[in-house]
Amino acid sequence: AGTMRPTMASHTDSTTPDVSRRSFLKTAVAAAATAPLAGVLDAQEGATRAQQAGAGAPLMAYVGTFSSPLRDVLPTQVDLPPGNGRGIHIFEVHRETGALTARGTFDLGTSPSCLALNRARTRLYSSNETDRVGEGKHGTVTAFAIGGADGRLSELNTVPSGGAGPTYVSVHPSGKFLLVANYFGGSVAVLPILGDGRLGPATDVKEDAGTIGPRRAANAPPGSFAFSGHDRTHAHMIEADASGRFVVHVDL
């Protein structure tokens, strides 16, 4: 109670001129994700939440970042921008002005770049964009409990994401499943959410297949240096429809 849906941001060095298509799309998706994840709630739900939160309860924001220094990634990996984040950064939001006050971090060296909340705002999930876990070289997803009094995070558990480099997570409308898009692994996965908010092992993993597009755009403007990222399949986003009957995901 008293928490807002998370804002996801990739902290990158704006002075670096050679920004890949991957990092651009990452920023674009993060910015686009802010609108639905910031939450446009109906009046009744908003009023109920306000009553439950109470006038003195803090309103918190959680920001996922690329970590600095990057850990658990291959030394040859050049597709991720350099991170300035320390993990998940926590802010208190002034209810009248919207001003942000830093309230610490939950340090993670595995680039928790995307965050999602459950409907009750008591659990937070992060996609950790690593590719070195286990024999399959998977990424991970972490479940957190949110402290009602101060919004602090307590880690519940961390499980493999069902593929390498998870870049996006969302909670199924039923609240019983976490959907994961694994960018480097080119796969999407379903992870059960247990009764206490912890995550179980993936119960379903689907790997994409298809024709790989051109490395560079055929009609790119003069001077363009952008690569397409079409070196392999890259699952980039995954969401269920409102009914929970269908799941849609984007492959770069």
Side-chain angles (χ1 to χ4, degrees), residues 6-13 16 19-34 37 62-90 105-117 124-144 153 155 157-171 178-191 199 202 205 207-208 227 229 231-239 249-252:
T7 298
M8 278 77 74
S10 302
H11 289 194
T12 60
D13 184 356
T16 303
V19 180
S20 68
R21 174 185 171 92
R22 157 75 175 130
S23 59
F24 170 78
L25 286 175
K26 181 72 177 184
T27 304
V29 170
T34 303
L37 287 172
Y62 303 91
V63 181
T65 67
F66 285 115
S67 305
S68 177
L70 288 172
R71 294 194 284 273
D72 293 332
V73 294
L74 298 175
T76 56
Q77 179 60 49
V78 296
D79 206 23
L80 285 176
N84 296 323
R86 308 307 298 179
I88 299 175
H89 292 239
I90 304 171
T105 62
F106 191 100
D107 292 347
L108 284 175
T110 51
S111 292
S113 58
C114 181
L115 310 176
L117 284 170
L124 182 142
Y125 301 95
S126 71
S127 62
N128 307 319
E129 207 159 339
T130 179
D131 57 1
R132 286 192 169 185
V133 176
E135 295 182 359
K137 303 301 181 183
H138 286 185
T140 61
V141 180
T142 300
F144 299 90
L153 300 177
E155 183 175 345
N157 73 330
T158 297
V159 298
S161 64
T167 190
Y168 195 94
V169 289
S170 63
V171 178
L178 189 74
L179 307 175
V180 186
N182 294 295
Y183 183 84
F184 296 121
S187 64
V188 293
V190 179
L191 278 61
L199 294 168
V205 177
E207 294 187 3
D208 283 341
F227 287 95
D231 56 334
R232 58 177 298 174
T233 56
H234 290 297
H236 214 298
M237 173 268 189
I238 185 168
E239 289 275 356
H249 97 86
V250 174
D251 188 327
L252 175 64

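- Here OG1 of Thr233 is found 5.5 Å from CG of Asp208. Values are rounded to the nearest 0.5 Å.
- Rounding to the nearest 0.5 angstrom, the gap separating the NE2 atom in His89 from the OH atom in Tyr62 is 14.0 Å.
- Side-chain atoms of Leu199 and Asn157, non-hydrogen and from C-beta on, do get closer than 4.5 Å to each other.
- Of all heavy-atom pairs between Leu115 and Ser126, the closest is CD2-CB, 3.6 Å.
- In terms of heavy-atom proximity, Ser113 sits nearest to Thr167 at OG-O, 4.3 Å.
- Minimum heavy-atom separation, Val188 to Ala181: CG1-CA, 4.2 Å.
- The one candidate from His249, Glu239, His236 that meets the side chain to side chain donor-acceptor pair (under 3.5 Å) condition with Tyr168 is Glu239.
- The ring pair (Phe, Tyr, Trp, His ring centres under 6.0 Å) check on Phe144 picks up Phe106, with sequence neighbours excluded.
- Checking side-chain atoms of Asp251 against main-chain N and O of His234 turns up a donor-acceptor pair under 3.5 Å.
- Across every non-hydrogen atom of Val180 and Pro166, the tightest pair is CG1-CB, 3.8 Å.
- Residues Pro160 and Leu191 come closest through the heavy atom pair O-CD2, 3.9 Å.
- Two residues are said to be in side-chain contact when any heavy atoms from C-beta on lie closer than 4.5 Å; Pro112 and Thr142 fail this criterion.
- With hydrogens and angles left out, the side-chain atoms of Ser161 and Asn182 include a donor and acceptor closer than 3.5 Å.
- In this structure, the side chains of Thr65 and Ile88 stay at 4.5 Å or more apart for every pair of heavy atoms.
- The line from CD of Glu129 to SG of Cys114 is 9.5 Å long, rounded to the nearest 0.5 Å.
- Across all non-hydrogen atoms, the minimal contact from Asp131 to Gly165 is CB-N, 4.2 Å.
- The CG atom of Leu178 sits 6.5 Å away from atom OG of Ser170, with the distance rounded to the nearest 0.5 Å.
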